[in-house]
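Throughout, residue positions are numbered sequentially from 1 according to the sequence presented. Values reported hereafter were calculated over all heavy atoms of this structure, with side chains retained and with hydrogens, waters and symmetry mates removed. The structure displayed is predicted, hence computed values, not measured ones.
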Amino acid sequence: MTTDRKPMTLPRLAQMHASGEKITMLTCYDAAFASLLDEAGVDILLIGDSLGNVLQGRGSTAPVSLEDMVYHTFCVSRGHKWAWIIADLPFDSYHVSKEEAWKSAAALVKAGAHMVKLEGGGWTAETVRFISERGIPVCCHLGFTPQTVNALGGFKVQGRDEAGAARMKRESMELVEAGAAMLLYEMVPAALAAEITATSPVPVIGIGAGVGTSGQVLVLHDMLNITPGRKPRFVKDFMAGKDSVLAAVKGYVDEVKAKAFPVNEIHGF
């Protein structure tokens with residue numbers, strides 16, 4: 001990448017959404033990969049609580065602690081130069097009160113995050129308002145929410161029926177009105193995600209939500225084909241045919257920007 005690249009900002013991400021320029025996001029957990037992803041031109045680095053799965057070998061994201069997230073956010077912030085940094089608020093770090101949520105969000109910002117992400121709609125709107133009004137941008141994760149996989153009955157697509165779609169539309173609007181600066185949809189029907197994105201005033205990032213969102217995110221270890229076992233339908237192996245990790249990540253960036261990935265019929269629902 002050229003050395004005159006400017007650091008990503010929230011207004012720039014909003015402009016990309018408004019103009020139709022696709023936004024690229026990948027998970028990142030350390031300084032070395034932060035530097036590499038920056039060089040490849042990734043717009044957003046997400047310190048996801050998916051680190052519980054891919055780094056810690058756990059069966060879900062629920063056991064990940066706030067201390068874990070602070071540590072990895074600090075690592076990423078030490079390695080990056082240009083990308084926007086989002087850090088997940090882990091399970092049980094924002095559920096008891098909005099004041100607790102603020103403290104957790106502030107800890108991640110002090111570690112280097114530019115924005116925090118939390119899961120769910122409905123009850124979270126008050127929390128989103130409290131955090132965003134105090135100066136920390138919030139991304140809201142809807143659809144399949146890994147922290148509450150047990151309540152959802154497993155890894156299931158959300159918003160398939162009329163009631164589910166209506167709820168997602170309603171909760172998205174409530175969260176944006178509460179101050180959410182970004183939405184993230186996971187395992188949502190492509191047509192529904194595209195419909196909401198078309199009228200959303202904020203960027204919508206998708207993972208298993210089709211090509212019609214403002215941008216895409218994947219777990220880094222999945223798209224590099226490092227994660228053992230069967231991959232989700234929405235994952236593509238970008239290492240195939242590449243001679244380096246950098247080339248694989250650049251391939252991902254290029255395909256997302258060109259709207260060549262994802263392909264709804266292959267990676268969507």
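- When the options D49, D30, L51 are evaluated for a side chain to side chain contact (heavy atoms under 4.5 Å, CB included) with H72, the one that passes is L51.
- Relative to the six-membered ring of F269, R160 misses at least one condition, a distance below 6.0 Å or an angle of at most 45° to the axis.
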Pair I86-V116, side-chain contact (heavy atoms from CB on, under 4.5 Å): steps then yes or no: CA-CA 5 Å; I86 303 177; V116 298; 6.0 Å; no
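- Residue M173 qualifies as open at atom CE: its count of foreign heavy atoms under 6.0 Å is 12 or below.
- Ion pairing of E99 with K103 is absent here, as no side-chain N (NZ or NE/NH1/NH2) approaches a carboxylate O to less than 4.0 Å.
- In this structure, CE on M8 lies 12.5 Å from CD1 on I85, to the nearest 0.5 angstrom.
- Once rounded to the nearest 0.5 Å, the distance linking NE2 of H95 with CG of L89 reads 9.0 Å.
- Annotation for R78: atom CZ does not count as buried by contact number, only 12 or fewer foreign heavy atoms lying within 6.0 Å.
- Applying side chain to side chain contact (heavy atoms under 4.5 Å, CB included) to T27 and the options L220, I207, L45 leaves one that passes, L220.
- Within the cation-pi definition used here (under 6.0 Å to the ring centroid, within 45° of the axis), K259 does not qualify as a partner of F261.
- Using modelled atom types, no side-chain atom of T197 and backbone atom of V204 make a donor-acceptor pair closer than 3.5 Å.
- We find the NZ-CE distance between K22 and M25 to be 13.5 Å, quoted to the nearest 0.5 Å.
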Without placing hydrogens or testing angles, list every side-chain donor-acceptor pair under 3.5 Å for residues 135-146, not counting sequence neighbours.
residue : atom : partner : partner atom : Å
H141    : ND1  : K117    : NZ           : 2.9
H141    : NE2  : F144    : O            : 3.1
H141    : NE2  : E186    : OE1          : 3.0
T145    : OG1  : T148    : OG1          : 2.6

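- In summary, the side chains of D88 and Q147 do not present any donor paired with an acceptor at a separation below 3.5 Å, with no hydrogens or angles considered.
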List, one per line, each side-chain donor-acceptor pair under 3.5 Å for residues 122-131, sequence neighbours excluded.
residue : atom : partner : partner atom : Å
T124    : OG1  : G120    : O            : 2.7
E126    : OE2  : K98     : NZ           : 3.4

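- The distance between the ring centers of Y29 and H221 falls below 6.0 angstrom.
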Pair L224-V245, side-chain contact (heavy atoms from CB on, under 4.5 Å): steps then yes or no: CA-CA 7 Å; L224 294 177; V245 172; 3.8 Å; yes
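- Counting heavy atoms from C-beta outward, V253 and V42 have side chains that approach closer than 4.5 Å.
- Applying the side-chain hydrogen bond (donor to acceptor under 3.5 Å, both in side chains) definition to pairs two or more places apart or across chains, those involving residues 9-18 are R12-Q15, R12-E21, H17-S214.
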Working for side-chain contact (heavy atoms from CB on, under 4.5 Å), residues E119 and Y94: CA-CA 10 Å; E119 293 184 5; Y94 59 96; 3.6 Å; yes
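- Counting heavy atoms from C-beta on, the side chains of P189 and V157 come closer than 4.5 Å.
- We find the OG1-NZ distance between T73 and K110 to be 14.0 Å, quoted to the nearest 0.5 Å.
- The residues K169 and E195 are annotated as salt-bridged, a charged nitrogen and a carboxylate oxygen being separated by less than 4.0 angstrom.
- Separating the OH atom in Y185 from the OG1 atom in T213 is a distance of 10.0 Å, to the nearest 0.5 Å.
- For the atom pair L26 CG and L46 CG, the distance stands at 9.5 Å (nearest 0.5 Å).
- No hydrogens or angles considered: nothing links the side chains of S35 and D38 as a donor-acceptor pair under 3.5 Å.
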